Colleague: 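Quick one: structure below, then a few questions.
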Amino acid sequence: MFRRGKGIELKSVGEIEAMRAAGLVVASALAAVSAKAEPGVSTGELDEVAEQVIRDAGAVPSFQGYHGFPASICASVNEKVVHGIPSKSEVLADGDLLSVDCGAILEGWHGDSAVTLSIGTVSERDQALSDATRQAMWAGLQRAQAGAHLTDISHAVQTAAQAAGKSDGIEYGIIAEYGGHGIGTEMHMEPFLPNLGKPGRGPKLRVGMALAVEPMLTLGSVVTTELEDEWTVVTVDGSRAAHWEHTVAITEDGPWVLTAPEQ
């Protein structure tokens, strides 16, 4: 592993494979959480499920203790955009939209991924929001190609979100304050990856780079605020939000989504 340019970490083939192993642990944890998430279950219980899967795999939850964060997942319900703290007192109800962000460290390498889950039966608008966010993420992942520029990913995310909004008849808000990031021997590394912007800007993408691509869309305002817990980010107008994320490596053969089991 070596560094080139402005502190951007480049990995060898073997190191990317090690990140894949960490990514699969995260994928397993999110699958277990997804299977458990239903009305009547608390976000605190989901946190316990994720931690157990991660530790059973010989890995460590990367969120737990990170700058003081007290849990293994971020559980963000409805108007919570990101960084929601799980709690036994927060019980899911039919119609909730739950974003779950999860990270794991395996042998020094990080994986990071997020999904938005529909609890019970959600409204058509809420489901469309989640679907649009997921589509925007995949559009960005597909642009993680050697020779492209960082904001080619940003522009792909933005374009896909706007196209979905036009198709759905909904003007989705694209959160600009939070975005993706480099990842590898640390969870958050250079470069910061915006979720919107003009293409052709930022560092050129190189084989060996790994990025977390993570759009966050809302059904209303893009303005957010942080709650008194100094973690949970919510929309100021109370509109619902969705968050999807995968870790992707840039390889000679194109993007390799390290946190997607089918890749």
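None of the values given here were measured: they were computed from a predicted structure.
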Colleague: In the structure I gave you, are the side-chain heavy atoms of V49 and E45 within less than 4.5 Å of one another anywhere?
Modeller: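 No - every pair of side-chain heavy atoms lies 4.5 Å or more apart.
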
Colleague: Please confirm whether the backbone N or O of L98 pairs with a side-chain atom of D96, one donor and one acceptor, at under 3.5 Å?
Modeller: no

Colleague: For E228, look at atom CD and say whether over 12 heavy atoms of other residues, nucleotides or ligands are found less than 6.0 Å away.
Modeller: no

Colleague: To the nearest 0.5 Å, tell me how far H67 NE2 sits from W231 CH2.
Modeller: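 The distance works out to 6.5 Å.
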
Colleague: Can you tell me how far the CG atom of L205 sits from the CD1 atom of I250, to the nearest 0.5 Å?
Modeller: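 Taking CG in L205 and CD1 in I250, the distance rounds to 4.0 Å.
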
Colleague: Does the side chain to side chain contact (heavy atoms under 4.5 Å, CB included) test come out yes or no for V248 and W256, once each step is laid out?
Modeller: CA-CA 5 Å; V248 62; W256 185 11; 5.6 Å; no

Colleague: Check the hydrophobic clustering (I, L, V, M, F, W, Y; side-chain heavy atoms under 4.5 Å; chains of links allowed) and say if M216 and I85 are grouped together.
Modeller: no

Colleague: State whether a side-chain donor-acceptor pair under 3.5 Å links D253 with T251.
Modeller: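 The answer is no; no qualifying pair exists.
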
Colleague: Looking just at side-chain N and O atoms, do H188 and D112 make a donor-acceptor pair shorter than 3.5 Å?
Modeller: no

Colleague: Identify the heavy atoms of I183 and A212 that sit nearest to each other, and give their distance.
Modeller: CG2-N, 4.1 Å

Colleague: Verify whether one side chain among Q127 and D131 offers a donor that lies under 3.5 Å from an acceptor in the other.
Modeller: yes

Colleague: Over all heavy atoms of both residues, which pair between A50 and I73 is shortest? Give the atoms and the distance, please.
Modeller: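 For A50 versus I73, the nearest heavy atoms are CB-CG2, 3.5 Å.
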
Colleague: Which is it for T247 and V257 under the side chain to side chain contact (heavy atoms under 4.5 Å, CB included) test, yes or no, and what are the steps along the way?
Modeller: CA-CA 6 Å; T247 298; V257 184; over 6 Å; no

Colleague: With a 4.5 Å limit on heavy-atom distance, are the side chains of P203 and I8 in contact?
Modeller: yes

Colleague: Answer whether the closest heavy-atom distance between the side chains of V41 and V91 falls below 4.5 Å.
Modeller: no

Colleague: What's the shortest heavy-atom distance between V222 and G173, and which atoms?
Modeller: CG1-CA, 3.4 Å

Colleague: Indicate, with yes or no, if V157 and L141 share a hydrophobic cluster defined by side-chain heavy-atom contacts under 4.5 Å among Ile, Leu, Val, Met, Phe, Trp and Tyr.
Modeller: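 Linked, L141 and V157 end up in one cluster.
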
Colleague: Are L46 and I119 connected into the same hydrophobic cluster when the rule is that any two of I, L, V, M, F, W, Y join if their side-chain heavy atoms are below 4.5 Å apart?
Modeller: yes

Colleague: Can you confirm whether P215 sits close enough to I174 that some side-chain heavy atom of one is under 4.5 Å from a side-chain heavy atom of the other?
Modeller: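 P215 vs I174: side chains apart.
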
Colleague: State, without any angle test, whether Q64 and S72 hold a side-chain donor-acceptor pair at a distance under 3.5 Å.
Modeller: yes

Colleague: Which atom pair, heavy atoms only, marks the closest approach of V115 to S34?
Modeller: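 Of all heavy-atom pairs spanning V115 and S34, the closest is CG2-OG, 4.3 Å.
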
Colleague: If you round to the nearest 0.5 Å, how far is CG of D152 from CG of L150?
Modeller: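 Rounded to the nearest 0.5 Å, the CG-CG separation comes to 8.5 Å.
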
Colleague: Please step through side chain to side chain contact (heavy atoms under 4.5 Å, CB included) for the pair L97 and S118, ending with a clear verdict.
Modeller: CA-CA 5 Å; L97 206 58; S118 299; 4.0 Å; yes

Colleague: If you measure from the Lys or Arg side-chain nitrogens to the Asp or Glu carboxylate oxygens, is any gap between K36 and E38 under 4.0 Å?
Modeller: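 No, no charged N to carboxylate O under 4.0 Å.
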
Colleague: Indicate the atoms forming the closest heavy-atom contact of V25 with I54, along with that distance.
Modeller: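 Looking at all heavy atoms of both residues, the shortest contact is CG1-CA, 3.9 Å.
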
Colleague: Does any donor atom in the side chain of S130 or W244 lie under 3.5 Å from an acceptor atom in the other side chain?
Modeller: yes

Colleague: May I ask you to decide if T185's main-chain N or O and E9's side chain share a donor-acceptor pair within less than 3.5 Å?
Modeller: yes

Colleague: Tell me if a side-chain donor or acceptor on T116 pairs with a main-chain N or O of H243 at a distance below 3.5 Å.
Modeller: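 Confirmed, T116 side chain pairs with H243 backbone.
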
Colleague: Please round to the nearest 0.5 Å and tell me the distance separating atom CE of M209 and atom CE of M189.
Modeller: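 Rounded to the nearest 0.5 Å, the CE-CE separation comes out at 10.5 Å.
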
Colleague: Within the supplied structure, the quantity of interest is the number of heavy atoms (other residues, nucleotides, ligands) at a distance under 6.0 Å from Q145 CD; does it exceed 12?
Modeller: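 Result for CD/Q145: enclosed.
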
Colleague: Say whether E90 and T43, considering side chains only, have a donor N or O and an acceptor N or O under 3.5 Å apart.
Modeller: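 Yes.
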
Colleague: Do side-chain atoms of S167 reach the backbone of A163 as a donor and acceptor pair under 3.5 angstrom?
Modeller: no

Colleague: Please report the interatomic distance CD(Q158) to CG(L217), rounded to the nearest 0.5 Å.
Modeller: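 The CD atom of Q158 sits 11.0 Å away from the CG atom of L217.
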
Colleague: Quick check: does any side chain N or O of H246 sit under 3.5 Å from a backbone N or O of S113, one acting as donor and the other as acceptor?
Modeller: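 Checked: no pair found.
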
Colleague: Check the side chains of T232 and H83 for a donor-acceptor pair under 3.5 angstrom, ignoring hydrogens and angles.
Modeller: no

Colleague: Could you check whether any side-chain N or O of H181 sits under 3.5 Å from a backbone N or O of M187, counting only pairs where one atom can act as donor and the other as acceptor?
Modeller: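 Looks like yes, one N/O pair under 3.5 Å.
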
Colleague: Could you tell me whether a side-chain N or O of S76 sits under 3.5 Å from a main-chain N or O of G84, the two making a donor and an acceptor?
Modeller: yes

Colleague: Are the side chain of D168 and the backbone N or O of I170 linked by a donor-acceptor pair below 3.5 Å?
Modeller: no

Colleague: Considering non-hydrogen atoms only, spot the tightest contact between T224 and V233 and give its length.
Modeller: CB-CG1, 3.5 Å

Colleague: Show your working on side chain to side chain contact (heavy atoms under 4.5 Å, CB included) between K11 and W109 and close with a plain yes or no.
Modeller: CA-CA 11 Å; K11 291 87 169 169; W109 295 98; 3.8 Å; yes

Colleague: More than 12 foreign heavy atoms under 6.0 Å from CD of E171: is that the case here?
Modeller: no

Colleague: Verify, without hydrogens or angle tests, whether D47 (side chain) and P86 (backbone) share a donor-acceptor contact under 3.5 angstrom.
Modeller: no

Colleague: Donor-acceptor check, side chain of R240 to backbone of N78, threshold 3.5 angstrom: yes or no?
Modeller: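 No, because the side chain of R240 does not come within donor-acceptor range (under 3.5 Å) of the backbone of N78.
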
Colleague: Is there a side-chain contact between T218 and S239 (heavy atoms, below 4.5 Å)?
Modeller: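 Heavy-atom side-chain distance check passes, below 4.5 Å.
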
Colleague: Does V26 belong to the same Ile/Leu/Val/Met/Phe/Trp/Tyr cluster as W138, with side-chain heavy atoms less than 4.5 Å apart forming each link?
Modeller: yes

Colleague: Would you tell me whether T235 and E79 have side-chain atoms, one donor and one acceptor, within less than 3.5 Å of each other?
Modeller: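 No, no side-chain donor-acceptor pair sits under 3.5 Å.
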
Colleague: Pairs under 3.5 angstrom only: tabulate donor-acceptor contacts from the side chains of residues 192-201 to other protein residues two or more places apart or in another chain.
Modeller:
| residue | atom | partner | partner atom | Å |
| --- | --- | --- | --- | --- |
| N195 | ND2 | Y178 | O | 3.4 |
| N195 | ND2 | E214 | O | 3.1 |

Colleague: Hey, any chance L219 and V81 share a hydrophobic cluster, counting ILVMFWY side chains that come within less than 4.5 Å of each other, even indirectly?
Modeller: no

Colleague: Just how far is it from atom CG of D101 to atom SG of C74, taken to the nearest 0.5 Å?
Modeller: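 Reported value, rounded in 0.5 Å steps: 5.0 Å.
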
Colleague: Would you call K88 and E48 a salt bridge, using N to O less than 4.0 angstrom?
Modeller: yes

